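Report on the structure given below.
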Amino acid sequence: IALFVTGDSLSRNQAQLVLRRNAIQSIFTAALGISSMLLFVSHREAVLLIVTITVGMVWLVRVNNRQRRTHDAYRATHQLGGQLRDSEDLTGSLQCIANETQLMLNASSAAVITFGANPQVVSAGEPFALPSVGDVVWERTVTNRQPVLLAAGATQRNARSYLRQHRVRDLVAAPLVRDDVAVGLVIAANHRYAADSFRSEDLELLAQVAMMSAVEVRNHDLIEQLRVEADQHLHDAQHDSLTGLPNRLGFTEAVESVLAEIEVVSDSTHPRRAALMFMDLNQFKSVNDSLGHHVGDALLVEIAHRLVSLLPTNWIGARLGGDEFAVIGTFVDDDEIDHFVDVLQHSIMQPIRCDGAVLNTSASIGVAVAPENGLTRLSLMRRADVAMYAAKGSGSRRFLKYQPEQENVTARQLELVADLRTALDHRQVEVCFQPRASLATGAVMGIEALARWNHPVSGPIAPDDFIPLAEQAGLIDQLTDLVVSEAVRVSRELADNGMGLEVSVNISARTLRDPQFPYRVFSLLAGDGSERHRDHPVRLKFEITEREIVLDSVTTNDVMRRLRDRGIRFSIDDFGTGYSSLAYLTQLAVDEVKIDKTFTAFVCESAHHRAIVKSVVDIAATIGLTVVAEGVEDQATWDMLSSLGCEEAQGYLLSRPLGVSDLQTWMQERSRSLAAIS
Ligand code: C2E
Ligand code: CA
Ligand code: CA
């Protein structure tokens with residue numbers, strides 16, 4: 001009987017418990033029956049008393065049973081809570097719930113179904129047919145969010161037909177509810193005791209389990225959400241939002257893992273090596289500054305796209321910031337790197353159309369190789385950087401592999417930058433002046449201020465060497481301010497001595513994108529506000545090299561307009577070295593064009609050069625520009641330029657750049673000799 005009642009097996013302890021309990025119950029019931037019989041035989045009128053006692057006893061047993069069930073249920077749910085806390089994933093939790101439901105409700109089968117983002121069906125016990133959308137159980141639990149009990153031998157028609165169709169004897173189900181929405185259901189079917197069926201207490205118990213399950217599903221959803229967010233954060237932290245490429249952090253990780261990999265895989269017969277490349281776009285800053293950040297961004301995105309499309313499998317490309325890109329990958333043969341760089345450089349040089357502009361760019365690339373150039377991330381990155389800087393400085397080839405000699409170059413450059421900064425702080429950068437004269441009359445028309453740096457150890461350093469350095473190191477504004485203030489000072493000094501002249505200052509195109517620049521110039525020009533300064537206003541001209549000129553920049557136009565409003569004039573320097581047509585350049589309000597010395601130098605020998613100079617002179621005449629020829633070193637060139645219609649000349653023939661006092665002496669002599677001729 002015990003076996004029938006419990007369904008299947010019994011443990012030794014359980015058997016003892018059942019036997020002991022049944023023995024006591026039997027003895028008690030027998031004693032009670034016998035006493036009742038005796039009482040009934042002796043006192044028939046005691047029948048009422050006996051009935052009352054029996055009813056009372058039955059009631060007590062029932063109450064006791066119910067309490068025991070409640071207690072069992074409480075204990076079971078408590079135990080389930082503990083198991084859920086220990087389970088790691090949602091499927092594990094749902095399995096616990098199904099198992100415990102089956103046990104608690106004495107069911108042959110149980111199942112938990114969840115739907116939503118991560119739908120699951122987990123069951124325990126014998127397989128059974130689950131409810132589906134539209135049937136009575138689904139309607140009641142999922143749609144109406146009510147628990148449902150279909151007891152054995154149910155009389156309701158839809159309940160009966162459900163049980164028949166699903167081949168279950170009886171069933172109890174409850175929805176998992178979250179925020180008034182059913183997110184799943186828990187269900188138990190086929191009560192284990194043939195003589196028994198599910199009751200309303202089971203329904204309550206199941207509702208409680210369903211509540212716990214809903215909380216559990218919710219917790220797992222939250223954990224999942226946190227995990228997804230954490231993954232997203234990690235991804236964001238390691239990637240560049242503009243191009244989607246790994247950023248510096250992501251690249252660092254990639255390098256570490258590639259280096260770890262080559263260490264593991266390498267054996268002496270098949271040495272695996274890694275190449276770390278740094279790539280820097282040339283002229284990116286001027287695109288960004290003049291055409292705006294949206295064009296700069298579009299350029300970077302396009303370059304990133306081209307880079308990624310060329311990467312061999314397992315190579316990783318990254319954007320380290322600004323216009324700096326990097327690549328890490330493994331290779332066996334040096335040819336693989338040469339080929340990749342060739343293709344990459346070629347691809348980058350293809351014009352990029354953006355916002356109506358056609359951009360041409362190129363890249364400087366440096367590469368360091370493991371294990372030869374280093375085995376750690378830091379040493380490789382540093383050396384690739386050194387190689388890249390050397391490539392940038394090398395001009396033509398723009399791709400270099402790391403060589404120890406390159407260290408000296410960059411180390412020297414860094415030293416120079418530091419020295420230049422000190423020199424500027426102490427105003428040790430000097431300014432000399434080169435005059436320019438009318439080709440027709442020989443009269444001095446103006447002077448050009450040229451920076452001079454006499455390094456305390458290395459001696460004089462050419463402006464062509466230190467100006468680019470100042471631009472790279474962000475010292476150019478300081479340098480320009482120094483030269484402008486010297487130019488203004490000297491121009492005043494000359495005017496005081498009766499030699500008022502226009503003074504030209506070279507400025508980098510970048511300076512014209514600085515909205516503060518005009519104000520700095522105005523304050524220098526205002527001088528001390530004295531009458532002397534007002535009566536002899538300084539005539540200032542700014543020279544910008546043709547290669548650096550970019551049109552369409554709103555800031556540049558605005559800065560130039562402000563300066564022009566105060567009488568400052570503009571000149572296009574080194575004309576002929578860029579690719580602009582003169583007509584194009586005149587969209588920019590300028591007053592003068594200086595033909596580069598590479599053209600003037602050959603004007604006597606080459607008909608081609610003569611033709612170019614002549615056409616520049618003709619166009620300039622029609623649009624009202626003064627044409628100045630630079631680098632005039634001999635009289636024949638002077639005469640030729642004069643006959644071609646050039647108006648002014650500058651060059652060693654007239655004078656080398658001079659210090660202020662030499663300049664004054666030179667000017668006095670010049671005016672004396674001019675007077676003598678006339
Ligand atoms: P630039 O503006 O074209 O200046 C003229 C350069 O040609 C000067 O070189 C001058 O010394 C040189 N030169 C003058 N006459 C002759 C000649 O007859 N034959 C030859 N072969 N050369 C001649 P420098 O002083 O070395 O300056 C080089 C460049 O450095 C300048 O070229 C200019 O672009 C830049 N630079 C000089 N000073 C400054 C400055 O204060 N600011 C900026 N941004 N750039 C400067
Ligand atoms: Ca110049
Ligand atoms: Ca020039």
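Just so it is clear, the model here is predicted, and its values are computed rather than measured.
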Using every non-hydrogen atom in the two residues, find where [X] and [Y] come nearest and quote the distance to one decimal.
X	Y	result
Thr330	Trp315	O-NE1, 3.0 Å
Pro246	Gly317	CD-O, 3.1 Å
Pro175	Ala210	O-CB, 3.3 Å
Gln406	Lys401	NE2-O, 2.9 Å
Gly374	Ser379	CA-OG, 3.7 Å
Ala318	Phe251	CB-CD1, 3.5 Å

For the atom pair [atom1] ([X]) and [atom2] ([Y]), what is the distance rounded to the nearest 0.5 Å?
X	Y	atom1	atom2	value
Leu176	Ser213	CG	OG	4.5 Å
Lys392	Met279	NZ	CE	10.5 Å
Leu512	Met560	CG	CE	6.0 Å
Glu216	Leu80	CD	CG	8.5 Å
Leu84	Gln79	CG	CD	11.0 Å
Phe542	Leu563	CZ	CG	6.0 Å

Please confirm whether the backbone N or O of [Y] pairs with a side-chain atom of [X], one donor and one acceptor, at under 3.5 Å?
X	Y	result
Arg319	Thr243	no
Ser347	Val343	no
Gln350	His346	yes
Ser257	Ala254	yes
Glu253	Gln238	no
Trp453	Ala462	no
Arg248	Gly321	no

Next item on the list: Begin with the C-alpha distance, continue with both residues' side-chain angles, and end with the deciding distance and a verdict on side-chain contact (heavy atoms from CB on, under 4.5 Å) for Asp514 and Arg520.
Entry: CA-CA 10 Å; Asp514 175 4; Arg520 296 207 301 273; 3.2 Å; yes
Is [X] atom [atom1] crowded by more than 12 heavy atoms from other residues, nucleotides or ligands, each under 6.0 Å away?
X	atom1	result
Asn314	CG	no
Tyr519	OH	no
His305	NE2	no

Next item on the list: Give the intermediate values and the outcome of side-chain contact (heavy atoms from CB on, under 4.5 Å) for residues Val209 and Ile97.
Entry: CA-CA 8 Å; Val209 170; Ile97 293 167; 3.7 Å; yes
Would you call [X] and [Y] a side-chain contact if the rule is heavy atoms closer than 4.5 Å?
X	Y	answer
Ile461	Leu469	no
Phe325	Leu300	yes
Glu224	His220	no
Glu415	Ser458	no
Leu90	Leu94	yes
Pro131	Leu185	yes
His455	Leu416	yes
Ile316	Leu245	no

Donor on one side chain, acceptor on other, [X] and [Y], under 3.5 Å:
X	Y	value
Asn454	Gln428	no
Asn282	Ser362	yes
Glu229	His233	no
Gln95	Asn99	yes

Check: Can you tell which of Tyr402, Phe278, Phe399, Phe340 makes a side chain to side chain contact (heavy atoms under 4.5 Å, CB included) with Val367?
Finding: Phe399
Check: Between Asp333, Val369, Asn373, which is the residue that forms a side chain to side chain contact (heavy atoms under 4.5 Å, CB included) with Arg273?
Finding: Val369
Salt-bridge contact [X]-[Y] (side-chain N to carboxylate O under 4.0 Å):
X	Y	value
Asp425	Arg421	no
Arg561	Asp558	yes
Asp280	Arg398	no

Checklist line | Candidate pair Met388 and Met277, rule side-chain contact (heavy atoms from CB on, under 4.5 Å), full reasoning | finding: CA-CA 8 Å; Met388 199 264 292; Met277 297 175 204; over 6 Å; no
Next item on the list: State which residues pass side chain to side chain contact (heavy atoms under 4.5 Å, CB included) with Arg427; sequence neighbours excluded, sorted by chain then number.
Entry: Leu482, Ser485, Glu486
Notebook entry, point to check: By ring pair (Phe, Tyr, Trp, His ring centres under 6.0 Å), which residues pair with His235, not counting sequence neighbours?
Noted result: His239
Next item on the list: Decide side-chain contact (heavy atoms from CB on, under 4.5 Å) for Val183 and Thr114; before the verdict, give the C-alpha distance in whole Å, the side-chain angles of both, and the deciding distance to 0.1 Å.
Entry: CA-CA 6 Å; Val183 293; Thr114 63; over 6 Å; no
